[in-house]
Amino acid sequence: MADPKGFLKTPRRTWPRRPVQDRVWDWNEVYEGQALLPIIGAQADRCMDCGIPFCHDACPLGNLIPEWNDLVSRDDWEAASHRLHATNNFPEFTGRLCPAPCESGCVLAINADPVTIKNVEAAIADAAWQRGFVPPRPPERMSGRTVAVIGSGPAGLACAQQLTRAGHTVTVYERADRLGGLLRYGIPEFKMEKHHLDRRLGQMRAEGTRFRTNADVGGTVDAAALRLRHDALVVAIGAHSMRELPVPGRDLTGIHQAMEYLPLANRVCDGDLAASPVTAEGKDVVIVGGGDTGADCLGTVLRQHAASVVQLDINPRPGEDRAEHEPWPVYPKVYRVSPAHEEARELGGAGTDIRMFSASTLHFTGDAAGRVSALRLSEVEARGRTPLPGTERVIPAQLVLLALGFDGVERGGDLIGGLGIRLSARGTIARDADFATGTDGVFVAGDAGRGQSLVVWAIAEGRSAAAAVDRWLMGATELPVPISPQDRPLVV
């Protein structure tokens with residue numbers, strides 16, 4: 001700790017966001033960038049000598065947060081990069097996309113503003129690339145063993161990188177035309193520009209990891225034959241079975257799943273499409289779902305310049321502060337304003353939140369052509385979520401986006417049957433304490449086994465599954481194991 005009184009002298013200061021009126025006209029990241037590194041150093045200096053750093057437990061990767069905060073405060077960016085990358089393969093991803101449960105676990109958060117851990121993390125990662133601190137790390141010797149990884153999301157990529165660096169020959173199979181999974185097509189450009197992803201993929205290729213795109217394992221690629229061609233196989237296909245909204249009128253034109261809508265906008269940014277075939281431009285839009293995916297839809301809708309937008313959340317509005325049943329250091333359910341909600345509030349003119357809490361969709365109404373034209377909703381009581389009489393209302397909607405989360409892995413194709421693996425009651429792939437599926441040499445990592453979760457948990461899963469595979473192949477491993485399949489976030 002460079003300054004034992006840093007947290008007393010320096011107030012919390014986060015990265016500034018670009019003006020709303022500028023950023024909604026492009027797809028660049030919403031933050032100003034990192035030109036003011038002295039500010040980051042001062043924020044890192046707020047990290048106190050707390051004795052027991054609960055930020056470690058709040059982060060599934062076990063990031064060495066106090067260590068790299070201290071190094072940044074001393075302006076030693078190279079050493080900070082080494083400590084950061086010791087536990088996290090892709091800190092530029094987590095520094096942009098993770099909701100930072102580590103900050104909720106910061107000891108300062110007991111009665112003050114926590115350290116801006118997420119901002120410092122992203123600053124270290126970006127500085128590391130700019131200053132050449134993250135060269136490729138190919139293995140010194142090869143094991144002679146081959147591993148197939150199915151899926152190129154954060155869990156699959158982390159697993160592949162760890163196994164490649166351990167000396168195995170790893171091939172990643174991705175069914176889409178580009179690598180990255182939801183990092184590529186689910187995360188909007190304004191949250192993470194894709195050059196960050198492409199840069200890491202270049203590093204992995206230089207280390208020896210092989211990639212195959214347009215490879216639909218269980219479809220165009222025979223799953224059983226793929227297993228026979230490799231000494232081990234890791235399933236990291238995510239949890240993409242989208243939850244439905246079974247209400248009257250769901251079959252009307254103009255109602256889309258979020259993961260049908262968001263990839264199209266990303267393909268426009270990639271240059272695949274001149275314009276999205278599903279656009280919010282000039283339309284009244286309703287987003288059903290109050291989570292991060294709903295916020296991603298909101299930011300995209302605003303950049304497509306909708307006539308109006310409303311976001312429905314069936315949950316009651318959270319409080320501004322921790323509830324008594326959510327004490328420090330758990331990650332609390334509090335009222336948060338994402339950059340997209342900030343944009344909607346300012347563009348709306350009234351300065352009010354476009355979210356409607358405790359709201360449930362009853363049915364959709366369509367026009368003579370079968371296109372959605374309105375949505376009927378009602379308020380719900382908090383516990384049972386049952387509609388409250390007398391609260392029904394109708395709002396216009398020419399585009400409805402369903403952001404309701406996911407229910408495990410997709411059931412289509414022959415991947416599950418071809419590999420002889422089974423599903424759990426939650427729709428995820430069943431596995432044991434060693435990430436193994438029960439089929440010899442077949443392991444599972446990420447949301448495919450855990451269920452819908454955060455990017456930081458996906459990376460931790462990939463690292464831990466890689467250690468399990470390495471141990472199975474070689475009889476022992478020196479790869480780190482940050483979590484077990486049974487570990488869960490620190491929540492009430």
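We count residues from 1, following the sequence as given.
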request  = Please round to the nearest 0.5 Å and tell me the distance separating atom CG of Asn89 and atom CZ of Arg200.
outcome  = 7.5 Å
request  = Would you check if there is a donor-acceptor pair between the side chains of Ser81 and His85 at a distance under 3.5 Å?
outcome  = yes
task = Answer with yes or no whether the side chains of His56 and Asn63 bring together a donor and an acceptor at under 3.5 Å.
result = no
Glu478 atom CD: more than 12 heavy-atom contacts under 6.0 Å = no
query = Between Glu461 and Arg450, is a salt bridge (Lys or Arg N to Asp or Glu O under 4.0 Å) present by the stated rule, with each step listed?
reply = CA-CA 9 Å; Glu461 284 256 345; Arg450 175 170 295 273; 2.7 Å; yes
Chi angles and distances behind the side-chain contact (heavy atoms from CB on, under 4.5 Å) call for Ser484, Asp487 = CA-CA 5 Å; Ser484 76; Asp487 286 336; 3.5 Å; yes
query = With respect to Phe211, which candidate in Thr171, Val170, Leu157 satisfies the side-chain contact (heavy atoms from CB on, under 4.5 Å) definition?
reply = Leu157
ask   = Salt bridge check: are Asp70 and Arg83 linked by an N-O gap of less than 4.0 Å?
value = no
query = Considering only heavy atoms from C-beta outward, does the side chain of Val301 approach that of Tyr261 to under 4.5 Å?
reply = yes
query = Parallel, tilted or perpendicular: which describes the rings of His230 and Tyr173, with under 30° parallel and over 60° perpendicular?
reply = perpendicular
request  = Decide side-chain contact (heavy atoms from CB on, under 4.5 Å) for Gln161 and Gln203; before the verdict, give the C-alpha distance in whole Å, the side-chain angles of both, and the deciding distance to 0.1 Å.
outcome  = CA-CA 9 Å; Gln161 186 168 60; Gln203 180 196 48; 3.0 Å; yes
inquiry  = Would you say CZ of Arg322 has more than 12 non-hydrogen atoms from neighbouring residues, nucleotides or ligands within 6.0 angstrom?
reply    = yes
query = If only atom types and distance count, is the side chain of Arg165 paired as donor or acceptor with the main-chain N or O of Ala160 below 3.5 Å?
reply = no
Under 3.5 Å donor-acceptor, Arg23 side chain and Pro339 backbone = yes
Ionic contact status for Glu193 with Arg199, cut-off 4.0 Å = no
Exam field: side chain Arg145 to backbone Thr169, donor-acceptor pair closer than 3.5 Å = no
Leu402 and Met242: CA distance, side-chain angles, deciding distance, side-chain contact (heavy atoms from CB on, under 4.5 Å) verdict = CA-CA 9 Å; Leu402 306 180; Met242 296 173 282; over 6 Å; no
query = For Asp292, does the CG atom sit with more than 12 other heavy atoms under 6.0 Å from it, leaving out its own atoms?
reply = no
key: Salt-bridge contact Glu244-Arg250 (side-chain N to carboxylate O under 4.0 Å)   = yes
Pairwise distance CG(Asp45) to CD(Gln43) - rounded to 0.5 angstrom = 9.5 Å
inquiry  = Restricting to non-hydrogen atoms, name the atom on Lys194 and the atom on Leu183 that form the minimum distance, rounded to 0.1 Å.
reply    = CE-O, 2.9 Å
request  = Identify whether NZ of Lys or CZ of Arg in Arg336 sits under 6.0 Å from the centre of the six-membered ring of Tyr331 and within 45° of that ring's axis.
outcome  = yes
key: N/O donor-acceptor pair under 3.5 Å between Asn119 side chain and Trp15 backbone   = yes
key: Distance-minimising heavy-atom pair for Ala458 and Pro154   = CB-CG, 3.7 Å
note = Nearest heavy-atom contact between Ser464 and Pro482 is OG-CD, 3.1 Å
query = Would Trp77 and Arg131 count as a side-chain contact (heavy atoms from CB on, under 4.5 Å) if you check the C-alpha gap in whole Å, the side-chain angles of each, and the deciding distance to 0.1 Å?
reply = CA-CA 9 Å; Trp77 291 87; Arg131 304 182 187 192; 3.4 Å; yes
task = Cation-pi check, Arg431 to Phe443: give yes when NZ or CZ is under 6.0 Å from the six-membered ring centre and within 45° of the ring axis, no otherwise.
result = no
query = Any donor and acceptor pair, going by atom type alone, linking the side chain of Glu174 with main-chain N or O of Leu179 inside 3.5 Å?
reply = no
note = Heavy atoms of Glu343 and Leu302 approach each other most closely as CB-CD1, 3.6 Å
request  = Would you indicate whether Arg137, at its atom CZ, is surrounded by more than 12 heavy atoms from other residues, nucleotides or ligands within a distance under 6.0 Å?
outcome  = no
Distance-minimising heavy-atom pair for Pro99 and Leu454 = CG-CD1, 3.6 Å
message = Is it the case that the side chain of Glu103 and the backbone of Pro114 share a donor-acceptor pair, with hydrogens and angles ignored and the cut-off at 3.5 Å?
response = no
query = Does Thr213 reach the side chain of Arg178, with side-chain heavy atoms less than 4.5 Å apart?
reply = no
query = Short question: side chain of Asn88, backbone of Phe90 - any donor-acceptor pair under 3.5 Å?
reply = yes
query = If you count the non-hydrogen atoms of other residues, nucleotides and ligands that lie under 6.0 Å from CZ in Arg422, is the total more than 12?
reply = no
inquiry  = Can you confirm whether Leu228 is buried at CG, in the sense that more than 12 heavy atoms of other residues, nucleotides or ligands lie under 6.0 Å from that atom?
reply    = yes
Closest approach of Gly180 to Leu197 (non-hydrogen atoms, all atoms of both residues) = CA-CD2, 3.9 Å
ask   = Distance-only, no hydrogens or angles: does the Asp231 side chain make a donor-acceptor pair with backbone N or O of Thr146 under 3.5 Å?
value = yes
request  = Have a look at Asp177 and tell me which of Arg267, Arg184, Arg212 forms a salt bridge (Lys or Arg N to Asp or Glu O under 4.0 Å) with it.
outcome  = Arg267
Glu29 with Arg96: basic N within carboxylate O range, under 4.0 Å = yes
